[in-house]
2 protein chains.
Amino acid sequence: MTQKTAFIGLGSMGYGMAKSAVRAGHTTYGFDVNPEKTAKFLANGGTAGSLIEVAKTLDAIVISVLNAAQAQDVLFGVNGIVPMMRQGAVVVSCVTVAPDFARAMAEQCQSTGVLYLDAPISGGVKKAAEGNLSIMASGTNEAFAAAEPILNALAATIFNVGDAAGAGSAMKAVNQLLAGVHIAAMAEALTFGMTQGISPDNFVNVISQCAGTSWMLEDRAPHIVAGDYTSQSTVNIWPKDLRIVLEIAKSTNFETPVTSAALQQFLAASESGLGQEDDSAIVKIYARRAGLTLPGEN
Amino acid sequence: MTQKTAFIGLGSMGYGMAKSAVRAGHTTYGFDVNPEKTAKFLANGGTAGSLIEVAKTLDAIVISVLNAAQAQDVLFGVNGIVPMMRQGAVVVSCVTVAPDFARAMAEQCQSTGVLYLDAPISGGVKKAAEGNLSIMASGTNEAFAAAEPILNALAATIFNVGDAAGAGSAMKAVNQLLAGVHIAAMAEALTFGMTQGISPDNFVNVISQCAGTSWMLEDRAPHIVAGDYTSQSTVNIWPKDLRIVLEIAKSTNFETPVTSAALQQFLAASESGLGQEDDSAIVKIYARRAGLTLPGEN
């Protein structure tokens, strides 16, 4: 079963997801605030059309924008799309937001008869392009049913983590807590090793086969070995996502000392002008403090 | 080629390693300060004999004691074994120690013609019992050659991380930094998830397949789900190992904010009487603070 779908937000994740939808045979519109990205998608299998004109014909929209404010604007802003959608169409939100925000969006959609799936993603740029993401989704049975064809095009694994919006975003916050801490710990350990004469290359070869390994270490540490900080997922993602974790934690007086320590390192990286680099560039904060020369540096 | 070997320290790791040596056909003596452990090993394939009497006939000793002080005592204490060993025999030290300590032991061995391999291990109790450990070893070519038969009985992967003692211990410190942080982060994330309605079971099922996973999460979080804190690797290991990391870091003015945050949680667990429980019991610190009821608790 193919659907008529629009992807809003064609960043590194959204673009790969939209391409996966095209490959699966869905009629796929793609839009981004950056017109170059929209044009690139059109030239690579996207269907031409104005969002306002096609809105009422869509079965689903998939939003993959940067944050809650952008999601709010896309859905319910001045040119918000939800009021233009038909009853029974579904909003699939892949944006990392607080559970309360996801619940609020779902309620607002419901008031116009539009379904909402709280559907954060995990897996990185490569899996997005392959249609092999993990999706941690929550919502009503109706929302899952309406979104199923497009989810199948995007994901290798779809976790149903609850019957209402909010649970998906909570699971994503848990995942981001770990992923962020693991990137910071990888950077801390890699540079600590360098102070003891262990090369970044040797670090990756050995630790990736020992109990100290993590998904993030195996994915990101090779960027440091290659000295290549071309952004796949930027440093600036992490102050945003870890602050979501800390806000949720604060609301229940939950203490997150390890997460807080990791956040400080991402903030230091962001404040040092590394915000748009690949998140593995957090290692530069450690290296500068310790006077270490990383691969690719002079 | 089979060797005559003695294992000193028959804790959860040492016992499994000694059994792997027996299985590989080596003549294997085993000793522990706890006579019950020594007797258990004798009843399960160990060779009978007093350490002092067999010392000069040994090809290798493998030490797997708790810390540097015990290693020092075993090797060079009042009844230290090294002065009794023949020239060209090898000490394989699997103890987690500071690189400086490993270098000092190697030098002291060298002065009596005994070889020393700085050979910390990774992989946990199960892999120790299977003979499938990872060993991050450093030492002279002679030390590697003398230790090779026994290393092959213990390990699936032997990393040669340097030509002198110290490098192996440095790599182990790097691994422990990550492993300790990952256990603490797992506990923090699991309980954070519980505050948002995510069960520990659901946490493991989803996150182990997402970018937030780690070796430690997949190994330890199931203990929490099962409510089983039977010690495989105790809480008390971590204040010791992470302090080794911090001491090394301090010696080069290297800052380890994420590691320090994790250490505080292990110290809190140890001070709360959880020191002898499985290291996954660090989760109880988070759960108590937040008033959460873990699986298996009333």
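The analysis underlying the following values was restricted to heavy atoms, covering all of them including side chains, and did not include hydrogens, waters or symmetry mates.
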field: Which portion of B:Gln265 sits near chain A, non-hydrogen atoms under 4.5 angstrom
entry: side chain
message: Using a 4.5 angstrom heavy-atom cutoff, name the option from A:Met171, A:Gln176, A:Met186 with the most pairs to chain B.
response: A:Met171
- prompt: Can you check whether A:Thr195's main-chain N or O pairs, donor with acceptor, with B:Thr252's side chain at less than 3.5 Å?
  reply: no
statement: Okay, A:Ala173 and chain B: the region with an atom under 4.5 Å from a heavy atom over there is both
field: Heavy-atom donor-acceptor pair, B:Glu188 side chain to A:Thr259 backbone, under 3.5 Å
entry: yes
query: After noting the C-alpha distance and the side-chain angles of B:Phe192 and A:Ile248, does the key distance pass the side-chain contact (heavy atoms from CB on, under 4.5 Å) rule?
result: CA-CA 9 Å; B:Phe192 170 70; A:Ile248 300 170; 3.8 Å; yes
Under the ring-ring contact (aromatic ring centres under 6.0 Å, His included) test, residues paired with A:Phe266 that sit two or more places apart: A:Trp238
field: Interatomic distance, A:Asn205 atom CG to B:Thr157 atom OG1 [nearest 0.5 angstrom]
entry: 12.0 Å
- prompt: In terms of heavy-atom pairs under 4.5 Å, which option from A:Pro257, A:Gly197, A:Gly166, A:Ser134 contacts chain B the most?
  reply: A:Pro257
task: Using a heavy-atom cutoff of under 4.5 Å, enumerate the residues of residues 178-185 of chain A that contact chain B, numbered in order, or state 'none'.
output: A:Leu178, A:Ala179, A:Val181, A:His182, A:Ala184, A:Ala185
query: Should we count CG of B:Asn152 as having more than 12 external heavy atoms under 6.0 Å?
result: yes
query: Is the side chain of B:Gln196 donor-acceptor paired with the backbone N or O of A:Ala167 at a distance under 3.5 Å, no angle test?
result: no
- prompt: When heavy-atom pairs shorter than 4.5 Å are enumerated against chain B, which of A:Ala170, A:Gly123, A:Ala211, A:Gly124 gives the highest number?
  reply: A:Ala211
statement: When every non-hydrogen atom of B:Cys210 is compared with those of A:Asn175, the smallest separation belongs to CB-OD1, 3.3 Å
Residues which pass side-chain contact (heavy atoms from CB on, under 4.5 Å) with B:Ala287, listed by chain and number, not counting sequence neighbours: B:Thr191, B:Leu292, B:Leu294
field: With B:Val174, the side-chain contact (heavy atoms from CB on, under 4.5 Å) member among A:Val206, A:Asn202, A:Ile198
entry: A:Ile198
task: Would you please go through residues 212-222 of chain B and name the residues with a non-hydrogen atom below 4.5 Å from one of chain A, in numerical order?
output: B:Gly212, B:Thr213, B:Ser214, B:Trp215, B:Met216, B:Leu217
- prompt: Looking at B:Ala189, B:Ala290, B:Gly162, B:Ala156, which one has more heavy-atom pairs under 4.5 Å with chain A than the rest?
  reply: B:Ala189
task: Measure the spacing between CZ of A:Phe159 and CD of B:Gln209 and express it to the nearest 0.5 Å.
output: 4.0 Å
